[in-house]
Amino acid sequence: MIKKFLSILSILLILLCWHLLSFYKIFDAEFFPSPFIVLNRLALLINEVDFLLNIKASLLRLLLGTLISIPLAFITSLICSHSKSIDRIFNPFIAFTFPLPKVAIMPLLMLIFGIGDSFKIAIISLGMFYLLFINLRSSMIFLKKSPLADVVKIYGISGKDYFYHVLLKGIFLNFLIGLQTALGYGLTLVVVSEFSMSKNGIGNFIWKSWDQFKIIDMYAGIYFLCILGFTQYTILDALIMRQSQKHTH
Amino acid sequence: MLELKNLSYSYNENHVLEKLNLSIKDHSFHSLVGLSGAGKTLILKLISGLLEIQSGTIENCPIKKSFVFQNASFFPWLSILKNLEICTKASKDEILHSLENFRLSNISSMYPHQLSGGTLQKVSILRSFLNKAELILMDEPFVHLDMAQKEEIYSFTLNLWSTFKPTIILVTHDLDEALYLSETLSYLSKKNKKIVESYQINLNRNLNFNECKTTQPHLTYFNNIYSRLREDLN
């Protein structure tokens, strides 16, 4: 109980400081409203159909981006880790393009996919793909070079046993770590892609609120993103902790 | 009979083995001793196929081989039962029965990190036998164990060997251990890069390890091999 309380203590302290600064008018309350006012507004918004539709649109984009990037990253890292020549061709390309902010190629993706949902899903998938690929490729290569590879060879572990019990289970921890980072980045890309050329989504909601000077609504949208990010991060963190116990040598 | 003929191996320009010859009888327990860096583990890796032969041949090598590593290598994310299942291809019942026979039944659902080094090494040895291998290669499997664990695991290994009767090649630095466990022993010379002497070990098998190593025949073998080690050092 105390541990759980400690884990949210930092968040509560920030909110409390923010509230006090706003309450004593050290902050301009119009631009930095008290978090309790924002949370109150968020509770009201959650009951509004329009806001729920925005959430649904954003979550759907994140889900589709995730569902595309995971198999893509898995297959490419599997190929790269099993073929040195393909890895020699593909990995420098990844190293060359990885530092490029994915937002910078948004216009290019709009040209290719149009300004509908396809381009948003494409940019989310692309951003997530890099983080997943880097984690999966390195964990597959590590597994292949570890002493466990000798066990695989000596005992002739192959087929389903190798694929499921050795490879999939062996890289699962690193996959979760990659997914935790990738989902955080994916959420950023969801919002950025919705800022412009979008009719719905949390990003669109935040942008519209700012545009119409609905500051509390804008903060409510931001808080929602924080809660969503916190939830997915915490769930994955718990899974990582559980899985890492199994990986202890 | 497993036969290594004119086996040579080098890492870059460094020749480790030069025209090595060795014959090991089927179903025997053979030990390979020598100084560090003499190439003992290398021989096991060449026999097992973990390394490719550069020169020479290995004849009559059984297809079904097992390897007991110095550090018991298990997939940490799988339970002991699952580890044994995917490595040995034995049925679940067969594995559970074997674990029970060797008083290890309580560990089947545990993960490797939950077991002590001694227990893990026992399971590692059991795994190599359960695989129904005709040849078991052991690379210093007892090196990290304390004296009490060693005594227990020696009898465990001998018990398994007498049950399944595979050929065993044990690499070790511990001369007492090699003499106690094996029927035949070869000395691999670091200086000559080959086997320089082989011994037929005739010791009283009814004695325990501590009793055995104080007997005169044991000491005679020990001193003989030890003088070889000293020659190799100079």
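These numbers come from a predicted model, not from an experiment. Each chain gets a letter, A, B and so on, in the order the sequences are listed, and its residues count up from 1.
Annotation for A/His82: atom NE2 counts as buried by contact number, over 12 foreign heavy atoms lying within 6.0 Å. Annotation: A/Tyr233, atom OH; neighbour count of heavy atoms from other residues, nucleotides and ligands within 6.0 Å does not exceed 12. Heavy-atom contacts from other residues, nucleotides or ligands closer than 6.0 Å to NZ of A/Lys56 number 12 or fewer. Remark: B/Ile63 CD1 is loosely packed, at most 12 non-hydrogen atoms of other residues, nucleotides or ligands lying under 6.0 Å away. Counting non-hydrogen atoms of other residues, nucleotides and ligands closer than 6.0 Å to CZ of B/Phe209 gives a total above 12. Other residues, nucleotides and ligands contribute at most 12 non-hydrogen atoms within 6.0 Å of the CD atom of B/Glu52. For B/Lys64, the NZ atom sits in a packed shell: over 12 heavy atoms of surrounding residues, nucleotides or ligands are nearer than 6.0 Å. Within 6.0 Å of NE2 in B/His27 there are 12 or fewer heavy atoms belonging to other residues, nucleotides or ligands.
Among B/Lys65, B/Lys89, B/Glu85, the residue with the largest count of heavy-atom pairs under 4.5 Å with chain A is B/Lys89.
A/Pro147 is not listed as a side-chain neighbour of B/Asn71, based on a closest heavy-atom distance of 4.5 Å or more. Using a 4.5 Å cut-off on side-chain heavy atoms (C-beta onward), B/Cys87 and A/Asp161 make no contact.
A/Leu143 CG to B/Phe75 CZ: the interatomic distance, rounded to the nearest 0.5 Å, is 7.5 Å.
If you measure heavy-atom distances from A/Lys169 to chain B, the contacts under 4.5 Å come from both the backbone and the side chain. Looking at B/Phe67, the atoms closer than 4.5 Å to chain A (heavy atoms on both sides) sit in the backbone and in the side chain alike. Interface remark: B/Ser79 contributes no atoms to any contact with chain A (heavy atom separation under 4.5 Å).
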Quiz item: For A/Asp150 and B/Ser73, what are the C-alpha separation, side-chain angles and deciding distance, and is it a side chain to side chain contact (heavy atoms under 4.5 Å, CB included)?
Solution: CA-CA 9 Å; A/Asp150 285 346; B/Ser73 289; over 6 Å; no
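Side chain of A/His165 to main chain of B/Ile86: no donor-acceptor pair is present (N/O by atom type, distance under 3.5 Å, no hydrogens or angles).
Considering every non-hydrogen atom in both B/Ser48 and A/Ile154, the closest pair reads CB-CD1, 3.6 Å. For the residue pair A/Tyr155 and B/Ser128, the shortest heavy atom distance occurs at OH-CA, 3.6 Å.
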